[in-house]
Amino acid sequence: MKTAPTRLVYNDPGRIDTLAAWLLALLWILPLLYTVWTAFHPSEYSTRFELLAPLTLDNFARAWAAAPFARYFLNTMALVTLILCCQLLCSTLAAYAFARYEFPGKKLLFALVLVQLMIMPDILLVENYKTMARLGLVDTLLAVGLPYFASAFAIFLLRQTFLGIPKELVEAARVEGASALQILWRVYVPLAKPIYTAFALVSVSFHWNNFLWPVIITNSVTSRPLTVGLQVFSSTDQGVDWSIITAATLMTSAPLLIAFLLFQRQFVQSFMRAGIK
């Protein structure tokens, strides 16, 4: 009895996925490679690639001298630190209440928190400006950070994490005489450290790069963050020097790139533990 010949079909979706991932990675890194190349070479090499082109740090020196970068760095560091501390405090308390307490309107309030995730911050620019003007906070760092002190994303993320913590640990802490805040500080917060790390990276990177709201609410050097300070290089009065622009951009983004490289593993693992796919 003859059997039909077996037909071999070669199909390797894993290889296709790998190729697509490498292609996307290449497209993502090309602007960064151009920035690094242009920043470390003289301006005449900004539009052409030569392996033997001379290296220079003069672009960074000229960029640093063209704007008060020290003040901008100080403002940005103070701003992102203030916002992150307030977000972690408010979000931790709110997530703890949503995860472990029962109170009237709990589901409705949490639904309103989730609705905030669907509202673009740009929609609230006019109302936020009016509020800051009434409070007399225009052109201050507090005005830049105040609309972001509460984060719906952080509340959701921490609530999901707190729900997964075994209740036996809470009961053991209560037997030891721990209060509600002590249980939060000694049980919940330590077990959620990867989540705090991931959210810190998201928050710091967003507010470090935020431009629209800071440029609207600030008017002076004393309150401008780095993103707004980079406007000085967009002036076309004396021509645009891409070497200086890329050097300034690299100085601005370097802290975020270093932080992501140091904490990328915690960043990915934390979202996996929170159940976000």
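- Using a 4.5 Å cut-off on side-chain heavy atoms (C-beta onward), Leu146 and Leu137 make contact.
- Annotation: the span from Thr218 atom OG1 to Arg224 atom CZ amounts to 6.0 Å, rounded to 0.5 Å.
- Judged as a side-chain contact (heavy atoms from CB on, under 4.5 Å), and not counting sequence neighbours, the contacts of Glu171 are Arg174.
- Side-chain contact between Asn75 and Leu226 is absent, with no heavy-atom pair separated by less than 4.5 Å.
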* Test side-chain contact (heavy atoms from CB on, under 4.5 Å) on Leu250 and Phe60 and set out the steps. => CA-CA 9 Å; Leu250 198 59; Phe60 294 92; 3.9 Å; yes
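- Partners of Ala95 by side-chain contact (heavy atoms from CB on, under 4.5 Å), not counting sequence neighbours, listed by chain and number: Leu158, Arg159, Phe162.
- Of all heavy-atom pairs between Arg71 and Thr222, the closest is NH2-O, 3.1 Å.
- Of all the heavy atoms in Ile165 and Arg100, the pair that sits closest is O-NH2, 2.6 Å.
- Two residues are said to be in side-chain contact when any heavy atoms from C-beta on lie closer than 4.5 Å; Phe40 and Thr56 fail this criterion.
- Between the side chain of Ser203 and the backbone N or O of Phe199 there is no donor-acceptor pair closer than 3.5 Å.
- The two residues Asn128 and Pro147 have their closest heavy-atom pair at ND2-CB, 3.9 Å.
- Using a 4.5 Å cut-off on side-chain heavy atoms (C-beta onward), Val113 and Phe156 make no contact.
- Follow the hydrophobic side-chain contacts under 4.5 Å out from Val175 and you never reach Trp185; the two are in separate clusters.
- With contacts defined as side-chain heavy-atom distances shorter than 4.5 Å, the pair Ile155/Ser151 does not qualify.
- Aromatic ring orientation, Trp64 versus Phe69: parallel (interplanar angle below 30°, classes split at 30° and 60°).
- Trp213 contributes no side-chain N or O that, together with a main-chain N or O of Gly145, makes up a donor-acceptor pair within less than 3.5 Å.
- Note: the hydrophobic cluster containing Phe211 does not contain Met77 (ILVMFWY, side chain heavy atoms under 4.5 Å, direct or indirect links).
- Here Cys90 contributes atom SG and Phe149 contributes atom CZ; the two are 8.5 Å apart, rounded to the nearest 0.5 Å.
- Remark: the backbone N or O of Tyr45 is paired with a side-chain donor or acceptor of Trp37 at under 3.5 angstrom.
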* Tell me, with the steps shown, if Thr92 and Tyr196 meet side-chain hydrogen bond (donor to acceptor under 3.5 Å, both in side chains). => CA-CA 10 Å; Thr92 298; Tyr196 285 110; 2.8 Å; yes
* To do: Walk me through it: do Phe153 and Gln116 pass the test side-chain contact (heavy atoms from CB on, under 4.5 Å)?
  => CA-CA 9 Å; Phe153 177 66; Gln116 295 180 41; over 6 Å; no
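- With rounding to the nearest 0.5 angstrom, the CZ atom of Phe49 is 9.5 Å from the CG atom of Leu33.
- Distance CG/Leu74 to CG/Leu79: 11.0 Å, rounded to 0.5 Å.
- Partners of Glu50 according to the salt bridge (Lys or Arg N to Asp or Glu O under 4.0 Å) rule, which considers only residues two or more places apart in sequence or in another chain, are Arg48.
- Separation of atoms CE (Met118) and CG (Leu114) is listed at 7.5 Å; rounding is to 0.5 Å.
- Note on Val170: it does not cluster hydrophobically with Leu163, by side-chain heavy-atom contacts below 4.5 Å among ILVMFWY residues.
- Two different hydrophobic clusters hold Leu141 and Trp208 under the rule that ILVMFWY side chains link at heavy-atom gaps under 4.5 Å.
- Under a 3.5 Å cut-off, the side chain of Gln182 and the backbone N or O of Ser179 do form a donor-acceptor pair.
- Residues Met132 and Asp139 have side chains not in contact (no heavy-atom distance under 4.5 Å, counting atoms from C-beta outward).
- Contact check for Ser223 versus Thr140: no side-chain heavy atoms found under the 4.5 Å cut-off.
- No continuous path of ILVMFWY side-chain contacts below 4.5 Å connects Val144 to Val80, so the two sit in separate hydrophobic clusters.
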* Give the intermediate values and the outcome of side-chain contact (heavy atoms from CB on, under 4.5 Å) for residues Leu112 and Lys107. => CA-CA 9 Å; Leu112 293 176; Lys107 293 184 179 180; over 6 Å; no
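- Side chains of Phe103 and Phe98 form a contact here, defined as non-hydrogen atoms less than 4.5 Å apart.
- Looking at residues two or more places apart in sequence or on another chain, you find a side-chain contact (heavy atoms from CB on, under 4.5 Å) between Ser205 and Leu256.
- For Lys106, the salt bridge (Lys or Arg N to Asp or Glu O under 4.0 Å) partners are Glu102, not counting sequence neighbours.
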* Candidate pair Tyr96 and Leu93, rule side-chain contact (heavy atoms from CB on, under 4.5 Å), full reasoning -> CA-CA 5 Å; Tyr96 183 52; Leu93 295 175; 5.8 Å; no
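- The two residues Ala63 and Ala247 have their closest heavy-atom pair at CB-CB, 4.4 Å.
- Of the inter-residue distances, the one linking Leu19 atom CG with Leu24 atom CG reads 9.5 Å to the nearest 0.5 angstrom.
- Sequence neighbours left out, not one pair with a member in residues 117-136 passes ring pair (Phe, Tyr, Trp, His ring centres under 6.0 Å).
- The two residues Asn219 and Val138 make their nearest non-hydrogen contact at ND2-CG1, 4.1 Å.
- In this structure, a donor-acceptor pair under 3.5 Å is absent between the side chains of Tyr72 and Thr252.
- The backbone N or O of Ser243 sits less than 3.5 Å from a side-chain atom of Thr246, completing a donor-acceptor pair.
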